[in-house]
Every structure is written in structure tokens, then in C-alpha cells.
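Note that the coordinates shown come from a computational prediction; the quantities given were computed from them, not determined experimentally.
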Amino acid sequence: MNYFKNGGADRRRGRFLEELSMNDDKNDDKVAELPMDPVPPETLWYETGSSRVTVDLAAVSDRGLVRKNNEDHYLVMRFTRSMERLLTNLVAEQVPARVDEVGYGFVVADGMGGTAAGEVASRMAISTLVSIALHESDWIFGISPGDTTRRVQRMTKRWARVQEAIRARGNRDPALRQMGTTMIAAVSLGPRLVIGHIGDSRAYLLRRGELHQLTRDHTLVQVLVDLGELTAEEAATDPRRHLLMRSFSAADDTCQGEFQQATLADGDQLLFCTDGLTDMVDNETINSVLSRAASADEACQGLLAAALNNGGNDNVTIAVARYRIPQ
């Protein structure tokens, strides 16, 4: 099902996103970060919700059958905060033996710019994003609504710095002045999910057998669909469908990503991918492969095989996460 068709589909997508409690954060520079919520002492030692979530993860990237090189890059991460009791003369009930907070991160980028420039842009976007995060002195591990909002705000600021880095690299190297990249990034802690994207790399959610596209392509044809000048079916084969309206670019001073948050449920599957998959494989097939696969790795391999069997006209990158969230 395409959630960007006019009329009823738009309304269905709107209702679905409302159910997920998604909220765009488009004016981050005008919003101060929220203070940390005070934590009553009696709640310090509970078994943290994020540590009880298990995620089956897999990812794959392929050059495809037409391109000479692969300009896609991806990264899947697990990050933690933990404390382990080693020695104490306190009674056991006063200090926990171990406390963990566990989160997961996903980034997929599709570079462009010719020769090696696209590879540089997609690789640089991911590595710069990670470097920025690693150099921040405090990471947000809470799963309250306020904590999730703060993660959205931080992601927005980090993306601005990624754009600055790509622009600066292009200024230093004339061969890279036309490079650019899309990017889809997500962070989950417990059931809380934050997504940021720019360009036409996508995020999907499979929930209870229904596939939902969570992101909206930043392309010319999507604008034309929104204006009612093209149908979604026409857009799928329009020769202008790869013309991006937004991306990280060495030729631009700023970028405009979109950011949202959602609440995951037990059994949810997330798919992050480049257009090398979605140009070759329709949503019905994506749904079928995800639903039938016994593991995240099997899902990735099945989706890649479908893209290659249908022509493999572009680089294909896929990351899948399957969530088990205890109540």
C-alpha cells in the first residue's frame, strides 16, 4: 500500500502516523533542550526496559547488475550504558548487581556525484554522524517522551553539522564539489524510535502483516504527486523520479531533513533501504518477503534476490530489524 496517494490513502497514512504518535521537529534551532526529569530514588534500580528488548538484525549491500561500483554505505550499531557491582559492604537490595541500558542505531546512505564522489559522500555522511555522537559528553538513554524529544532535537543538530562537513570537503577538493548523498538514520531505545531522513532512501514498518512507508521521498515526482499532477502509479515509472529536491550536498550551504518519533510494538519489523530496492521491488513483494522470512538475515537476502532478479539496475542496500518487546 502506498501511503502517499491522494485522498483516502493520505488520510490512512495520517491516521496511522497519529497512532504511532509521530511528531515532526522542524524548528529545532528555536527549541531549547529539555532538562533531565528527576528520578525518585526508589526507581533507580529497576530492570531497565531497553535492556529487555531483543532485536534480530541484519544488513546487506550489493553493487547490483549495472553499476560499476557501489556508492551505498550502511552502519548498524548497538550502544549501551551499564553499571556492574563489583565490591560493596551494602546489603544486596541497596545496590543492583548490574544495570544496563541498550539502544540500536541504523544508518543507510546512497551517494551520488559520479566517479568516486558518491562513495565519498555516503561514507563521509555516516562517519561524520558517528564522530559527532561519540564526541558528545552525555548520551540520552532514557525512554520517556521528553527523552525521545531531546533525541530528535540532537539528531537535527547533528545533521546540520554533517552538511557543513560535506560542504567543506567539497570546497577543498574540486573533484568532489558535486558530490551528495541521501541518508536514512534511526535510533531505538526500548520501544521508542526516532527517524531522520533526507532524499529518497526509505524506512518501512511491518506491523501485524501490514507494510507502512514511514518516510516521504524528497523528490520532484513526490512533489508532483502531492500537487495532484501525477498519480503514485505514474510516479513509479516517471523518468524524473530520481531527481532529488533535498540531500546532503557539497554544492549547498544547508540541508533540510525530516525527523519524527514513534513507539514500537512487539513483533514489529523495520526496513531501511536505498532506492535500488524500492525501484525494483514493489511493496506487496517487500511485505511478502518480510512476513515469510524466519530471520532478519533471511529477509535481507530475500529482498536483495528480488531486486537482482528484477534487473538490479542500481546499488541495493537493505537493513532489517525484528523487535521482541516484552510487556
Side-chain angles (χ1 to χ4, degrees), residues 23-34 70-77 79 103 105-140 148-187 194-203 215-220 242-261 272 274-275 315 317 319:
N23 301 290
D24 285 346
D25 188 315
K26 299 179 180 177
N27 298 295
D28 177 70
D29 292 340
K30 300 179 181 178
V31 180
E33 286 202 4
L34 301 175
N70 190 351
E71 296 183 316
D72 292 356
H73 285 93
Y74 70 86
L75 175 67
V76 178
M77 301 165 284
F79 53 93
F106 314 88
V107 194
V108 170
D110 180 357
M112 56 214 172
T115 316
E119 296 177 43
V120 173
S122 60
R123 181 172 63 243
M124 185 176 179
I126 297 176
S127 62
T128 301
L129 185 67
V130 173
S131 177
I132 292 168
L134 290 176
H135 282 84
E136 288 180 338
S137 58
D138 60 321
W139 289 8
I140 304 168
T148 306
T149 298
R150 292 174 66 217
R151 276 193 288 276
V152 173
Q153 295 168 342
R154 285 200 176 179
M155 183 178 285
T156 306
K157 292 177 180 178
R158 289 170 181 170
W159 283 42
R161 293 177 62 186
V162 170
Q163 169 60 31
E164 291 171 3
I166 289 177
R167 172 70 169 176
R169 178 67 183 276
N171 287 340
R172 294 194 303 271
D173 188 340
L176 301 177
R177 285 180 182 167
Q178 298 304 313
M179 74 174 178
T181 187
T182 72
M183 190 159 77
I184 177 83
V187 173
V194 170
I195 299 174
H197 86 286
I198 190 167
D200 59 358
S201 295
R202 294 179 180 176
T215 52
R216 175 181 175 277
D217 293 348
H218 297 145
T219 59
L220 174 62
H242 298 300
L243 294 178
L244 296 178
M245 304 299 288
R246 304 187 203 177
S247 68
F248 290 119
S249 173
D252 295 328
D253 292 322
T254 61
C255 69
Q256 186 179 0
E258 286 191 30
F259 306 92
Q260 52 189 310
Q261 54 183 279
F272 307 98
T274 58
D275 62 351
N315 308 148
T317 298

Separation between CG (Asn171) and CG (Leu176), nearest 0.5 Å, reads 11.0 Å
Would you say Asp110's side chain and Thr182's backbone share a donor-acceptor pair under 3.5 angstrom? no
Closest non-hydrogen contact found for Met77 with Val130 is SD-CG2, 4.2 Å
Sequence neighbours excluded, the answer for side-chain contact (heavy atoms from CB on, under 4.5 Å) partners of Ser247 is Met112, Leu244, Ser249
By side-chain contact (heavy atoms from CB on, under 4.5 Å), Ala186 pairs with (sequence neighbours left out) Phe106, Leu193, Ile195, Phe272
By ring pair (Phe, Tyr, Trp, His ring centres under 6.0 Å), His197 pairs with (sequence neighbours left out) His218
Quick note, ring-ring contact (aromatic ring centres under 6.0 Å, His included) partners involving residues 154-182, not counting sequence neighbours, are Trp159-Phe248, Trp159-Phe259
Check your understanding: Side chains of Met245 and Leu220: does their closest heavy-atom pair fall under 4.5 Å?
Key -> yes
Residues passing the side-chain contact (heavy atoms from CB on, under 4.5 Å) test with Val194, sequence neighbours excluded, are Thr148, Arg151, Val152, Met155, Gln261
Within the distance-only criterion (no hydrogens, no angle test), does the side chain of Gln178 pair as donor or acceptor with the backbone N or O of Ala117 below 3.5 angstrom? no
Contacts of Arg167 meeting salt bridge (charged side-chain N to carboxylate O under 4.0 Å, His left out) (sequence neighbours excluded), chain-then-number -> Asp253
Distance col, row Glu119:CD vs Asn315:CG, nearest 0.5 angstrom, shows 8.5 Å
Ser122 meets the side-chain contact (heavy atoms from CB on, under 4.5 Å) criterion, sequence neighbours left out, with His73, Ala109, Thr181
Applied to residues 171-186, the salt bridge (charged side-chain N to carboxylate O under 4.0 Å, His left out) test, sequence neighbours excluded, yields none
Closest non-hydrogen atoms of Thr254 and Gln163, given as atom of the first, atom of the second and distance, are C-CG, 3.8 Å
Inset, instruction - Would you mind reporting whether Met124 and Ile166 have side-chain heavy atoms less than 4.5 Å apart? - result: yes
Sorted by chain and residue number, the side chain to side chain donor-acceptor pair (under 3.5 Å) partners of Asp72 (sequence neighbours excluded) come out as Thr274, Thr317
By side chain to side chain donor-acceptor pair (under 3.5 Å), Asp275 pairs with (sequence neighbours left out) His242
Applied to residues 124-137, the salt bridge (charged side-chain N to carboxylate O under 4.0 Å, His left out) test, sequence neighbours excluded, yields Glu136-Arg154, Glu136-Arg158
Salt bridge (charged side-chain N to carboxylate O under 4.0 Å, His left out) filter on Arg123, not counting sequence neighbours, yields none
Heavy-atom closest pair (Ala203 atom, Thr215 atom, distance to 0.1 Å) is N-OG1, 3.1 Å
Is the shortest heavy-atom distance from the side chain of Ile132 to the side chain of Lys157 under 4.5 Å?
no
